[in-house]
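Worksheet: the structure to be examined is printed underneath.
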Amino acid sequence: MLKEKIIKIKEDAQAAAENAKTVEDVLQLEIQFLGRKSEFVGILRQLKDVSVQEKKEVGQLANSVKVEIQNLLDQKKKNLSSTFDAQVEKIDVTIPALKMRRGHLHPLTQIQNEIEDIFTSMGFEIADGPEVEDEFHNFDALNMPKDHPARDMQDTFWLKAQRNTDKRQNDTYENINERMVLRTHTSNVQIRYMEKHQPPFRIIAPGRIYRNEAGDSTHEHTFHQFEALVVGDEINVGNFKFIAQEFFSKFFKKEIQIRIRPSFFPFTEPSFEFDISCTVCGGKGCSACKQAGWLEIGGAGMVNQNVFVASGYPRGKYQGFAWGFGLERLAMMKYKISDIRLFHSGDLRFIKQF
Ligand code: DAH
């Protein structure tokens, strides 16, 4: 009797295990078939009432069935949990990978690199100078002494710090305490370079500059300029025009004409403003050039001999031309950008277009 019951339990357990769908189901079966309140355990309790002989036989059978059911359920659990894991972690190696977002150089850096490439291809060297500059290199040496009205042309950020510098005056050096500024132009690099190098040379100096002024769509307190300086024995305005024309034609990838107009800068004599033929209409007149046919670029001129002297060259020995203009303005022309403030806005919708 008891034996048959045990066999029946075993068969029921096997059938139930067959139908179990989840690990949870199997845990339930464990309780149902082997738990404290199960029929199986009830049968074991009845063993005390049977004969010694039957107790022995039924006991052995019960033990082996218990082990069998337990093994069956353990195996089932294992199978179900391994199919479960496989589903969660299934990797489809044929799915295309997610695209990585790639960053890129800031548009101004790209423009600067492009400019540097064009000039190095024409035999120019790239020069650099400090953004925190002393008064001598930013102003005095560029023929802008302290009381010179031209200093008012540039709104300056003055720093509290002072620096001890050797300043050349009338062919001797004086050691003085200089007030410091955030450089107002890249022209300081002219002096810095000439103090260390002898002509002939051609350099450009791109860099960040600062002006103490309120911003609008064409002005920022922090922006970039790009200085050129060519010095030798027989440099003249014609050389300037040629180099400028070459550069702008390469930069805008079309034939560009140069026009110069008289102007004034303390560090050049003669001084001029220079324009390029309109990059949109080529000179006929359009809305981009306000019907003028020309676009204003920046200042230039033949280096004032006082600047050579302040840099340590003998007066009258060399000639050179220099120019300086805004990098942002050039980028705005090339890409038809209407507001200079976009460059440093950090707005990715703008940056990503380049
Ligand atoms: N430094 C001038 C400025 O920031 C620009 C300039 C004009 C630079 C004439 C030059 C130059 O080298 O020759 O306004």
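Atoms within a ligand are numbered from 1 in the order they appear, just like the ligands themselves.
Rounded to the nearest 0.5 angstrom, Gln32 CD and Glu39 CD are separated by 10.0 Å. For the atom pair CD1 of Ile276 and CZ of Phe274, the computed distance is 8.5 Å after rounding to the nearest 0.5 Å.
Under the 3.5 Å distance criterion, with hydrogens and angles disregarded, no donor-acceptor pair is assigned to the side chains of Asp155 and Asn212. A donor atom on one side chain and an acceptor atom on the other are found under 3.5 Å apart for Gln70 and Asp74. Side-chain contact of Asn188 with Thr186: a donor-acceptor pair under 3.5 Å is absent, judged by distance alone. Checking His224 against Glu328 by side-chain atom types alone, a donor-acceptor pair falls below 3.5 Å.
Here's the thing with Ser187: one of its N/O atoms is less than 3.5 angstrom from an N/O atom of ligand 1. On a distance-only criterion, Gln190 and ligand 1 share at least one N/O pair closer than 3.5 Å.
Proximity of Arg211 to ligand 1, defined as any heavy-atom pair under 4.0 Å, is confined to the side chain (atoms from C-beta onward).
With Phe139 as the aromatic partner, Lys146 does not meet the cation-pi criteria of under 6.0 angstrom to the ring centre and within 45 degrees of the ring axis.
Around atom 9 (C) of ligand 1, the closest heavy atom drawn from Gly299, Gly324, Gly326, Gly298 belongs to Gly299.
When each atom of ligand 1 is checked for a heavy atom of Phe265 under 4.0 Å away, the hits are 7 (C), 9 (C). The contact set between ligand 1 and Trp323, taken as ligand atoms under 4.0 Å from a residue heavy atom, comprises 8 (C), 10 (C), 11 (C), 12 (O), 13 (O). Those atoms of ligand 1 with a heavy atom of Gln225 less than 4.0 angstrom away are 3 (C), 4 (O). Residue Thr268 has at least one heavy-atom neighbour below 4.0 Å for each of these atoms of ligand 1: 13 (O). Short contacts between ligand 1 and Gly301, defined as distances under 4.0 Å to a heavy atom of the residue, involve ligand atoms 13 (O).
Ring pair Phe264/His148 is parallel by interplanar angle, where below 30° counts as parallel and above 60° as perpendicular.
Of the protein's non-hydrogen atoms, Gln154 NE2, 3.5 Å is the one closest to atom 3 (C) of ligand 1. Atom 12 (O) of ligand 1 has Glu227 OE2, 2.7 Å as its closest protein atom, hydrogens excluded (heavy atom only). With hydrogens left out, the protein atom closest to atom 2 (C) of ligand 1 is Phe267 CZ, 3.7 Å, a heavy atom.
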